[in-house]
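Below, all heavy atoms of this structure are taken into account, side chains as well, without hydrogens, waters or symmetry copies. These numbers were taken from a predicted model, which means no experiment stands behind them. Letters A, B, ... mirror the listed sequences (proteins, then strands); counts begin at 1.
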There are 2 protein chains.
Amino acid sequence: MKTKKLRQGQIAKILEKEFVVTQHQLQKLLARAGHRVTQATLSRDMKELGVIYAPAPHGPYYYKISTVQTGPLIQQDLQNRFSKYVVNISRTDNLILIKTLPGEASGMARLIDELSMNGIKQTEVKEILGTIAGDDTILVIMKNKVNIPKIIKFLKGTTP
Amino acid sequence: MKTKKLRQGQIAKILEKEFVVTQHQLQKLLARAGHRVTQATLSRDMKELGVIYAPAPHGPYYYKISTVQTGPLIQQDLQNRFSKYVVNISRTDNLILIKTLPGEASGMARLIDELSMNGIKQTEVKEILGTIAGDDTILVIMKNKVNIPKIIKFLKGTTP
DNA sequence: CATTATTATGCATAAATATACAATATTAAC
DNA sequence: GTTAATATTGTATATTTATGCATAATAATG
């Protein structure tokens, strides 16, 4: 059903430009673009599109296309890269040293950070204090050394 | 009035751990932590805290502490850094070359990108195609050269 | 202190969003 | 094609969130 995809694309486009505060407002804007649907449909579209509802500083909540991936997708991406780009993993005390192919380290580190900050229900990654990355090396600093094996398994995707 | 600050701190802490889907749920969790308030108060707190309401992939919407700054704050930050760290600005055609103090370039470039992607109602930054940064140089690529002076003014904060 | 100004909160309710269910449309299988 | 299975949407409504107004709590001022 292509109308749906088209409409959702249009919604994304609108939300990039306009300051949309309610689904009713969006409904009107959409109608102007030729898509005539009810609020109920928009409610469903929003969820599917991953649209977030965020407060403008000192302003009202408004709808906004999310640029940040949410938890599960990042995790998938990260584990995918692990299998492709990681050359070696070593550890001492509460540190994990991950050797990657050239240029991959900082991108992967960012994903790890993102996950540790935004990961929901992932107790593993909450144990990560932070990461530092060079060009082909990631240093992961843990809050506590006991959880290191669990984390390594998790990052590798052994525990899906 | 400290109870409010305390409560909001507690809210932030709860949202980091728990998957909170409604304000009622939060109300209960909060009560368990000793803060007894109505849903109305929570609604206000959420906005003040900048909590966003985001859909979990294939799951329901849930409340989530925002890690990404929203528009106006970024802009302020960026203009602040401009005044402190920018050494020189030059341009040719549709390119702007910004020379900064060592190490500042990539951070500032990220802010510019963030703004150009998430900026609401800021037509100026929408004209930015992208940025590339080294250690002390930012290259800003514009969609169109006619808007360059406007952008430069904007970044400098001359147009607040 | 007492008094005034400011901020925070609850109550009641308005406004907005999500959803169960029924009706339609779309796609797949034959 | 026809029929069965799946997906999309609207209607009506339940659920949830936001807010106007009144009150209480806190802070500022003399």
Side-chain angles (χ1 to χ4, degrees), chain A residues 1-66 70-72 120, chain B residues 1-66 70-72 120:
Chain A
M1 193 170 287
K2 64 193 169 188
T3 34
K4 188 182 169 189
K5 294 270 181 234
L6 282 174
R7 184 184 62 243
Q8 293 189 347
Q10 197 59 238
I11 291 177
K13 207 166 281 177
I14 290 176
L15 293 185
E16 276 167 25
K17 285 205 205 64
E18 308 271 354
F19 192 78
V20 178
V21 168
T22 68
Q23 295 180 0
H24 252 90
Q25 182 189 349
L26 178 60
Q27 189 181 25
K28 283 183 205 160
L29 292 169
L30 256 183
R32 202 177 303 167
H35 294 274
R36 226 158 283 274
V37 287
T38 58
Q39 170 269 324
T41 300
L42 294 184
S43 171
R44 291 164 186 137
D45 282 345
M46 298 300 226
K47 186 184 280 186
E48 286 175 26
L49 279 170
V51 171
I52 69 176
Y53 199 44
H58 304 289
Y61 270 80
Y62 69 99
Y63 289 100
K64 169 172 168 178
I65 294 290
S66 159
T70 29
I120 289 287
Chain B
M1 198 167 287
K2 63 192 169 191
T3 34
K4 187 182 170 188
K5 293 268 179 238
L6 283 175
R7 185 184 61 244
Q8 293 190 346
Q10 197 59 241
I11 290 176
K13 208 166 280 176
I14 289 175
L15 293 185
E16 276 167 25
K17 284 204 205 62
E18 309 269 354
F19 193 79
V20 177
V21 168
T22 67
Q23 294 179 1
H24 252 90
Q25 182 189 349
L26 178 61
Q27 189 181 25
K28 282 184 204 160
L29 292 169
L30 210 54
R32 202 178 303 167
H35 294 274
R36 225 157 283 276
V37 288
T38 59
Q39 170 269 325
T41 300
L42 294 185
S43 171
R44 291 163 185 139
D45 281 347
M46 297 300 225
K47 186 183 280 186
E48 287 177 25
L49 280 170
V51 170
I52 68 176
Y53 198 43
H58 304 289
Y61 270 81
Y62 68 98
Y63 288 99
K64 170 170 167 180
I65 294 290
S66 160
T70 30
I120 290 286

Task: 4.5 Å side-chain heavy-atom contact, B/Lys64 and A/Ile52 - done: no
Task: Spatial distance of atom CG (A/Leu42) from atom CD (A/Gln25) [nearest 0.5 Å] - done: 11.5 Å
- [ ] Please determine, for the side chain of A/Tyr53, which listed nucleotide (C/dA18, C/dT17, C/dT9) has the closest atom?
- [x] C/dT17
TODO: Quickly work out the B/His24 NE2 to C/dA18 P distance and round it to whole Å.
DONE: 17 Å
Open item on the list: Is any side-chain heavy atom of A/Pro60 closer than 4.5 Å to one of A/Phe19?
Closed with: yes
Open item on the list: Going by side-chain contact (heavy atoms from CB on, under 4.5 Å), name the residues that satisfy it together with A/Leu49, two or more places apart in sequence or in a different chain.
Closed with: A/Gln8, A/Ile11, A/Val51
TODO: Provide, to the nearest angstrom, the distance between the OH atom belonging to B/Tyr62 and the P atom belonging to C/dA18.
DONE: 15 Å
Open item on the list: With a cut-off of less than 4.0 Å, is there a side-chain N or O of B/Gln23 near OP1 or OP2 of D/dA18?
Closed with: yes
- [ ] Report the end-to-end axis angle of the helix from C/dC1-D/dG30 to C/dC30-D/dG1; each axis comes from five terminal pairs, and the value is rounded to 10°.
- [x] 40°
Open item on the list: It should be established whether A/Lys4 places a side-chain nitrogen or oxygen under 4.0 Å from OP1 or OP2 of nucleotide C/dT26.
Closed with: no
Open item on the list: I need the CE-C1' distance between B/Met46 and C/dA8, as an integer number of Å.
Closed with: 18 Å
Open item on the list: Would you compute the distance between atom CG of B/Asp45 and atom NZ of B/Lys47 and round it to the nearest 0.5 angstrom?
Closed with: 12.0 Å
Only pairs under 3.5 Å count here: list side-chain donor-acceptor contacts from residues 29-41 of chain A, not counting sequence neighbours, and write none if there are none.
unit_1  : atom_1 : unit_2  : atom_2 : d
A/Gln39 : NE2    : A/Gln23 : OE1    : 3.0

TODO: Output all residues satisfying salt bridge (Lys or Arg N to Asp or Glu O under 4.0 Å) with B/Arg44, sequence neighbours left out; order by chain, then residue number.
DONE: none
Task: C/dA8 OP1/OP2 closer than 4.0 Å to side-chain N/O of B/Lys5 - done: no
Task: ring pair (Phe, Tyr, Trp, His ring centres under 6.0 Å) involving A/Tyr53 - partner list, sequence neighbours excluded - done: A/Tyr61, A/Tyr63
Open item on the list: Just the rounded figure in Å: distance from C1' of D/dA18 to CD of B/Glu48.
Closed with: 13 Å
Open item on the list: If I compare all heavy atoms of B/Gly50 with all of A/Pro55, which pair ends up nearest, and what's the gap?
Closed with: CA-CG, 3.4 Å
Task: Min side-chain heavy-atom separation A/His24-A/Gln27 under 4.5 Å - done: yes
Task: Contact under 4.0 Å: B/Arg7 side-chain N or O vs C/dA8 OP1/OP2 - done: no
- [ ] Specify the residues of residues 25-33 of chain B, ordered by number, for which at least one heavy atom lies under 4.0 angstrom from an atom of DNA chain D.
- [x] none
TODO: Specify the residues of residues 36-45 of chain A, ordered by number, for which at least one heavy atom lies under 4.0 angstrom from an atom of DNA chain D.
DONE: A/Arg36, A/Val37, A/Thr38, A/Ala40, A/Thr41, A/Arg44
Task: Atom pair distance, as rounded to whole Å: NZ in A/Lys47 and P in D/dA7 - done: 17 Å
TODO: Could you tell me whether the phosphate oxygens of C/dT17, OP1 or OP2, come under 4.0 Å of any side-chain nitrogen or oxygen in A/Tyr63?
DONE: yes
